[in-house]
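Presented below is the structure to which this report refers.
The figures here come from the full heavy-atom set of this structure, side chains too, leaving out hydrogens, waters and symmetry mates. Residue numbers start from 1 in every chain, and the chains themselves are labelled A, B, ... in the order their sequence lines are given, proteins ahead of strands.
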There are 4 protein chains.
Amino acid sequence: MKQTSVVDDVTRAAVELFASQGYANTSVQQVVEAAGVTKGALYHYFQSKDDLLFGIYERLLSLQTERLTAIVARGEPTAETLRAVCVDVIETSVDFLLEGTVFFRSAHMLSAPRQQEVTRRRRAYHDTFAGIVERGQAEGLYRTDIPVAVLVAHFFSDVHYLSHWYKPEGPEDKTVLAHQLTDLFLVSIAASSASALASAAGSTASAEG
Amino acid sequence: MKQTSVVDDVTRAAVELFASQGYANTSVQQVVEAAGVTKGALYHYFQSKDDLLFGIYERLLSLQTERLTAIVARGEPTAETLRAVCVDVIETSVDFLLEGTVFFRSAHMLSAPRQQEVTRRRRAYHDTFAGIVERGQAEGLYRTDIPVAVLVAHFFSDVHYLSHWYKPEGPEDKTVLAHQLTDLFLVSIAASSASALASAAGSTASAEG
Amino acid sequence: MKQTSVVDDVTRAAVELFASQGYANTSVQQVVEAAGVTKGALYHYFQSKDDLLFGIYERLLSLQTERLTAIVARGEPTAETLRAVCVDVIETSVDFLLEGTVFFRSAHMLSAPRQQEVTRRRRAYHDTFAGIVERGQAEGLYRTDIPVAVLVAHFFSDVHYLSHWYKPEGPEDKTVLAHQLTDLFLVSIAASSASALASAAGSTASAEG
Amino acid sequence: MKQTSVVDDVTRAAVELFASQGYANTSVQQVVEAAGVTKGALYHYFQSKDDLLFGIYERLLSLQTERLTAIVARGEPTAETLRAVCVDVIETSVDFLLEGTVFFRSAHMLSAPRQQEVTRRRRAYHDTFAGIVERGQAEGLYRTDIPVAVLVAHFFSDVHYLSHWYKPEGPEDKTVLAHQLTDLFLVSIAASSASALASAAGSTASAEG
DNA sequence: AATGAATGAGAGTTCATTCAT
DNA sequence: AATGAATGAACTCTCATTCAT
């Protein structure tokens with residue numbers, strides 16, 4: 001009774017191969033062999049190899065956007081919202097670690113229009129995130145001595161980097177890790193941290209800790 | 001009076017093309033055309049296309065290792081050493097932004113032995129960095145409630161991510177940015193920040209800031 | 001009240017696509033889409049793509065053979081018969097200009113047996129035409145200094161060429177054009193024209209007109 | 001000492017295969033096998049299969065344009081010029097019969113820009129030819145009761161049709177044929193032929209011969 | 001030191017046709 | 001009568017690399 005479809009089998013095989021060998025180093029032949037289908041079947045459902053890659057991004061972006069929207073819609077206080085968003089995106093990224101690997105490595109191999117589409121959607125996601133941080137700044141929660149763009153990049157750098165070092169089979173638990181990274185981020189952007197930079201900016205000799 | 005060599009011209013052209021189009025999408029033909037040399041000349045100095053990529057990594061890794069060693073050799077207090085190292089690696093990464101782009105995107109396209117070599121050297125670099133953090137923990141400067149591996153990853157994620165968002169021609173000054181990111185990192189790993197996680201770990205409702 | 005059949009819709013779509021893009025450049029998929037039917041339906045009525053092409057030829061050849069036979073059967077004097085045949089085939093060719101385009105461009109793409117069948121029927125048509133000319137020669141109407149094969153080719157070249165230059169929406173009226181081309185042909189093969197070649201054959205300096 | 005180049009061998013093989021099987025039915029593999037070269041060598045000199053086809057047209061168009069220009073440049077009386085042009089283009093077309101076959105069958109398979117280029121050059125050729133006819137009309141040599149466009153099409157139809165019926169190994173001598181077809185054309189467009197149409201236009205019952 | 005023509009394996013993609021439904 | 005998913009062979013084209021010069 002197990003129902004497998006060509007689309008699912010191919011997508012699964014593609015994610016694994018793209019993540020382990022890279023998009024460019026993976027031939028369509030390898031994908032169809034790993035998926036147990038024929039080339040003709042693949043091209044019946046996908047217009048091009050590019051489509052395979054975009055499909056992976058599409059799923060990930062849709063999922064993350066949806067989750068972000070849902071959390072924001074709960075209408076909790078800013079600090080709680082931001083913490084929930086951070087934890088959630090890290091956990092989701094761990095769940096889709098292969099997809100993330102492919103995403104960050106191979107986005108530049110997409111056709112130009114699709115690259116723009118991906119960029120557009122990621123930007124929308126980042127903008128929503130930035131909006132929460134800005135609201136927190138207005139409420140006096142977060143420091144304002146560093147541009148929001150830098151704060152946002154600082155957070156997403158952790159998300160991005162996960163696929164470069166995190167091993168799901170390793171010692172770090174996904175949930176614990178999500179809270180640890182979130183805490184590192186939230187501590188660093190807290191309004192109370194702002195003073196540190198003021199004295200440190202022009203000198204490497206100030207004390208901290 | 002000849003000021004340009006085949007090796008330099010080719011390397012420069014390769015970095016630019018690999019950064020803008022990706023390694024796999026760049027043909028050797030494109031490289032030789034952009035460098036103004038012939039294929040024969042390129043293959044006289046490089047054994048393979050792989051060599052071109054490895055050469056870029058080689059230079060960047062050597063430079064960063066050398067700078068890290070020099071800073072550590074100054075024998076300053078841990079806090080000053082770590083701050084100096086962080087600022088320096090960020091500034092250097094901005095200076096070699098194209099190389100960084102190539103590095104993080106295309107390392108997986110290297111031949112297996114060279115991929116191992118790169119990994120080995122990056123690990124050595126990270127280990128030295130981790131050693132400084134651990135020394136600081138022993139001195140009571142940095143929090144110990146989060147594994148060092150996570151703290152190290154948290155820092156290098158910023159370095160890594162630079163090539164994805166930072167625009168040298170944009171509004172952010174390189175030095176200012178280096179200090180901002182360093183500050184965000186140092187604040188978050190300070191021993192005094194450790195308490196935050198304790199209360200936050202099991203709940204999303206705790207207050208921060 | 002159903003007024004369209006799969007066969008008709010498909011044939012119409014095939015003629016248009018084959019004429020505008022060429023037989024080889026038109027996929028069966030394009031034909032079924034243009035005809036508004038499915039692939040299964042097409043293959044229910046046609047054995048192969050080749051069948052589509054042959055069907056177009058079949059219709060055109062049958063029609064022209066039928067019309068030629070009808071005109072000859074009227075038993076008019078040779079000159080009248082030939083004129084009527086010429087005018088008719090030109091007019092019919094204009095009416096089936098798309099079919100003509102396909103015919104002359106793509107006949108060589110038919111399977112060998114069908115190519116032979118087409119050749120056989122065209123030859124029969126030409127032979128009947130040649131017979132009329134020969135009868136006219138025997139009656140002293142047409143010149144005998146040029147082989148009949150050349151005279152016949154001279155006429156059919158005009159028919160053939162129509163699809164390369166004639167635009168139904170252009171200024172030339174179909175009937176007028178048919179009479180003009182017929183006149184050019186009949187004038188040139190008239191017995192009284194025979195002397196012209198005699199003096200011209202070995203020299204390019206003779207006068208004409 | 002026989003010098004053969006890849007370009008020549010490939011072009012020769014391509015003309016023969018395209019003429020006998022059609023462009024679309026001939027694979028690049030077949031061309032390289034017939035030419036005795038490798039695929040890589042072919043693609044070193046030709047950018048695409050399209051290039052092969054265009055190269056054939058290019059040579060033919062250049063040759064014919066050059067010859068037309070040379071004849072016109074002799075500045076002979078109109079009648080002599082037109083006769084020389086007609087004889088020459090027919091003889092040349094016989095010499096390049098395979099190229100002609102390819103030309104008329106496969107021009108529509110060229111990429112759009114190249115199709116336009118071919119059309120542009122053929123039109124220029126036809127315009128020069130039409131100019132000679134018009135000059136002859138002004139001089140009272142040729143009939144004016146039929147549009148020049150029809151007269152020009154009437155001539156080129158013979159040239160075009162050659163590849164459909166003429167066999168170089170057959171009984172017709174090239175030069176004799178050229179003069180026969182030229183004569184048929186010149187007789188039919190002579191000013192003295194004009195009266196024939198006047199009485200024939202509205203009726204199929206008039207007598208001729 | 002340098003050339004660039006030539007190689008040849010393998011890439012992504014198309015498509016007429018089949019067949020279970 | 002009709003569907004459309006699936007096949008699989010063949011297609012055009014690319015490209016890192018070699019080697020005679």
Please verify the inter-ring angle class for A:H160 with B:H164; under 30° counts as parallel, over 60° as perpendicular, anything in between as tilted. perpendicular
Distance, rounded to the nearest Å, where [X] contributes [atom1] and [N] contributes [atom2]:
| X | N | atom1 | atom2 | value |
| --- | --- | --- | --- | --- |
| B:Y23 | F:dT14 | OH | P | 19 Å |
| C:F46 | E:dT18 | CZ | P | 16 Å |
| B:D9 | E:dA2 | CG | P | 11 Å |
| C:K49 | E:dT14 | NZ | P | 15 Å |
| B:N25 | E:dG12 | CG | P | 12 Å |
| A:E33 | E:dG12 | CD | P | 12 Å |
| B:Q21 | F:dC15 | CD | P | 10 Å |
| A:Q29 | E:dA9 | CD | P | 17 Å |

Tell me which nucleotide, if any, is Watson-Crick or G-U wobble paired with F:dT21 when both distances must be under 3.5 Å.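 Answer to the pairing question: E:dA2, which forms a Watson-Crick or G-U pair with F:dT21.
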Taking pairing as Watson-Crick or G-U wobble with both contacts under 3.5 Å, can you name the mate of E:dA16, or confirm there isn't one? F:dT7
Minimum-distance nucleotide (side-chain atoms of C:A41 versus F:dT12, E:dA6, F:dA2): F:dA2
Let me confirm one number: the [atom1]-[atom2] distance from [X] to [Y], rounded to the nearest 0.5 Å.
| X | Y | atom1 | atom2 | answer |
| --- | --- | --- | --- | --- |
| A:E58 | A:D51 | CD | CG | 10.0 Å |
| D:Q29 | D:L42 | CD | CG | 10.0 Å |
| A:L60 | A:R122 | CG | CZ | 9.5 Å |
| D:S106 | D:F104 | OG | CZ | 11.5 Å |

Reckon B:Y45 touches a base, only the sugar-phosphate, or nothing at all at heavy-atom distances under 4.0 Å?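 Since only primed, P, OP1 and OP2 atoms lie under 4.0 Å of B:Y45, the category is sugar-phosphate.
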Checking all strands, does B:V37 fall into the base, sugar-phosphate, or nothing category for heavy-atom contacts under 4.0 angstrom? nothing
With DNA chain F as reference, determine whether D:S27 or B:G40 sits nearer its 5' end, using the nearest nucleotide of each.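 Final value for this comparison: D:S27.
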Contact nearer the 5' end of DNA chain F, comparing B:Q47 with A:L42: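 That would be A:L42.
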If you take atom types as modelled and just measure distance, does the side chain of C:K39 reach the base of E:dT17 with a donor-acceptor pair under 3.5 Å? yes
Hey, is the side chain of [X] poking within less than 4.0 Å of OP1 or OP2 on [N], counting only N and O atoms?
| X | N | answer |
| --- | --- | --- |
| B:T38 | E:dA2 | no |
| D:H44 | E:dA6 | no |
| D:Y43 | F:dC13 | yes |

